[in-house]
Amino acid sequence: KYPIEDTFLQDEEQSRGDRILPTNCAAARIPDVDEFPGLPKHCMPEVLATWDFLSTFGRTLNVNPISLDDFVQCLLYKPPPNVADSDAFKSPP
């Protein structure tokens with residue numbers, strides 16, 4: 001009888017009237033690559049592989065969990081102009 005396809009379980013739950021709720025888990029969502037403006041589409045497989053690695057081994061690496069949206073925003077971050085380049089920091093003390 002088992003293993004069976006997931007669709008059979010979903011059909012069974014729907015016939016009983018059980019509600020199938022979407023998950024809130026960031027890792028279970030299917031990413032929409034159009035959702036990340038500024039990230040080239042050809043980079044998406046590497047971004048997903050890296051994020052998956054960090055999500056999988058984060059505890060071992062002592063890295064806090066991060067959602068895919070936040071991870072992509074971190075990759076796309078451009079720092080403001082460096083204040084340390086001003087003349088005040090170039091003069092000797």
Side-chain angles (χ1 to χ4, degrees):
K1 188 173 180 178
Y2 292 98
I4 61 173
E5 293 292 325
D6 291 339
T7 55
F8 292 128
L9 294 174
Q10 291 173 349
D11 292 340
E12 183 179 309
E13 288 176 350
Q14 288 174 350
S15 67
R16 288 190 315 205
D18 294 344
R19 269 185 63 193
I20 299 174
L21 299 174
T23 182
N24 289 335
C25 178
R29 289 183 296 157
I30 298 172
D32 181 14
V33 294
D34 295 330
E35 184 178 305
F36 305 116
L39 181 71
K41 289 186 182 186
H42 69 273
C43 294
M44 199 61 191
E46 288 83 5
V47 169
L48 287 173
T50 305
W51 176 75
D52 181 53
F53 178 85
L54 291 173
S55 296
T56 302
F57 298 106
R59 178 178 275 173
T60 305
L61 297 169
N62 200 21
V63 175
N64 291 332
I66 186 170
S67 70
L68 178 59
D69 297 331
D70 290 341
F71 181 66
V72 171
Q73 291 304 313
C74 289
L75 293 175
L76 296 175
Y77 175 74
K78 292 184 177 145
N82 195 353
V83 178
D85 289 339
S86 71
D87 290 335
F89 291 102
K90 291 181 183 176
S91 60

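For Trp51 (side chain) and Asp69 (main-chain N/O), no donor-acceptor pair under 3.5 Å exists by modelled atom type.
Considering only residues two or more places apart in sequence or on other chains, Pro45 meets the side chain to side chain contact (heavy atoms under 4.5 Å, CB included) condition with none of them. Residues passing the side chain to side chain donor-acceptor pair (under 3.5 Å) test with Asp70, sequence neighbours excluded: Ser67.
Pairing each heavy atom of Val72 with each of Val47, the nearest pair is CG2-CG1, 3.9 Å.
In this structure, CG on Leu54 lies 15.0 Å from CZ on Arg59, to the nearest 0.5 angstrom. Interatomic distance, Phe36 CZ to Leu76 CG, rounded to the nearest 0.5 Å: 9.0 Å. To the nearest 0.5 Å, atoms CZ (Phe53) and CG (Leu48) are separated by 15.0 Å.
Using a 4.5 Å cut-off on side-chain heavy atoms (C-beta onward), Ile66 and Cys74 make contact.
Tyr77 and Val63 are not part of a single hydrophobic cluster, where members link through side-chain heavy atoms under 4.5 Å apart.
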